[in-house]
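Remarks on the structure that follows.
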Amino acid sequence: EAGVAQSPRYKIIEKRQSVAFWCNPISGHATLYWYQQILGQGPKLLIQFQNNGVVDDSQLPKDRFSAERLKGVDSTLKIQPAKLEDSAVYLCASSFRLAGGPMSYNEQFFGPGTRLTVL
Amino acid sequence: KQEVTQIPAALSVPEGENLVLNCSFTDSAIYNLQWFRQDPGKGLTSLLLIQSSQREQTSGRLNASLDKSSGRSTLYIAASQPGDSATYLCAVLWRNAGGTSYGKLTFGQGTILTVHP
């Protein structure tokens, strides 16, 4: 079974530029998550989707960050304009469903991440 | 506020030693708890998942325990090897009022483990 795919793996941009990250979840997984991991910290949830609807985007800086999940499969996270403090690893994860059902249904599987450096 | 804390922040042990990593959480209303491993420049690999109704889970040389009443989980690694060197993250999925979960994992800061030959 293929895992969560993300691209690009690395990105270096100047501040005030824009950048986009792509994620393809595990086939059949209805729930998709974007996390931000700043160096030395644990990941922090930015946004989660159930199919193509947003479940939680309370920690997404909406003045500069946006995300979409067209057709309930692939997802794109965009930053415009980028700031120095956006330098981090952006992790995408997916799970079969939000909660309920057998244990394996809500286990989250993570992609390799995209390392963003803003200069 | 629902928070997760891991201690120690870093740990260095000689090969072959048994070790324990600690995770504490502020709210006993958890849905499940996951332990992850993160290698430098890589994503997260799930090691063990413990449901709130369980006390422990085992996989090979790894054993994770859960004590909701004290707000603690431990990850026990037996006979450590240099290949175990990585950052270990604990993450909690909180239970909502309806008994299910909103799906948002709250992570600790991680423990950086170094196992030297």
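Throughout, protein chains are lettered first and strands after them, A, B, ... in sequence-line order, and every chain is numbered starting at 1.
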Checklist line | Residues B:D84 and B:R61 bridged, charged N to O under 4.0 Å | finding: yes

Check: Relative to chain B, which of A:K44, A:Q37, A:R9 shows the most heavy atom pairs under 4.5 Å?
Finding: A:Q37

Item checked: Where at least one partner belongs to residues 48-71 of chain A, residue pairs that pass salt bridge (charged side-chain N to carboxylate O under 4.0 Å, His left out), sequence neighbours excluded -> A:D57-A:K62, A:R64-A:D86

Check: For A:Q6, is it the side chain, the backbone, both, or neither that has a heavy atom closer than 4.5 Å to a heavy atom of chain B?
Finding: neither

Note to self: I'd like to verify something: which residue of B:I112, B:T106, B:L105 has the highest number of heavy-atom pairs under 4.5 Å with chain A?
What the structure shows: B:L105

Next item on the list: Name the region of A:Q41, side chain, backbone, both or neither, that has any atom closer than 4.5 Å to a heavy atom of chain B.
Entry: backbone

Next item on the list: For this output row, return yes or no: ring centroids of A:F110 and A:Y33 closer than 6.0 angstrom.
Entry: no

Notebook entry, point to check: Does A:S66 have any side-chain contact (heavy atoms from CB on, under 4.5 Å) partners at least two apart in sequence or in another chain, and if so, which?
Noted result: A:K78

Check: Counting heavy-atom pairs under 4.5 Å to chain B, which of A:G40, A:P43, A:G113 comes out on top?
Finding: A:P43

Check: So does A:L39 have more than 12 non-hydrogen atoms from other groups sitting under 6.0 Å from CG?
Finding: no

Next item on the list: Below 4.5 Å from any heavy atom of chain A, which atoms of B:Q6 appear? Answer side chain, backbone, both or neither.
Entry: neither

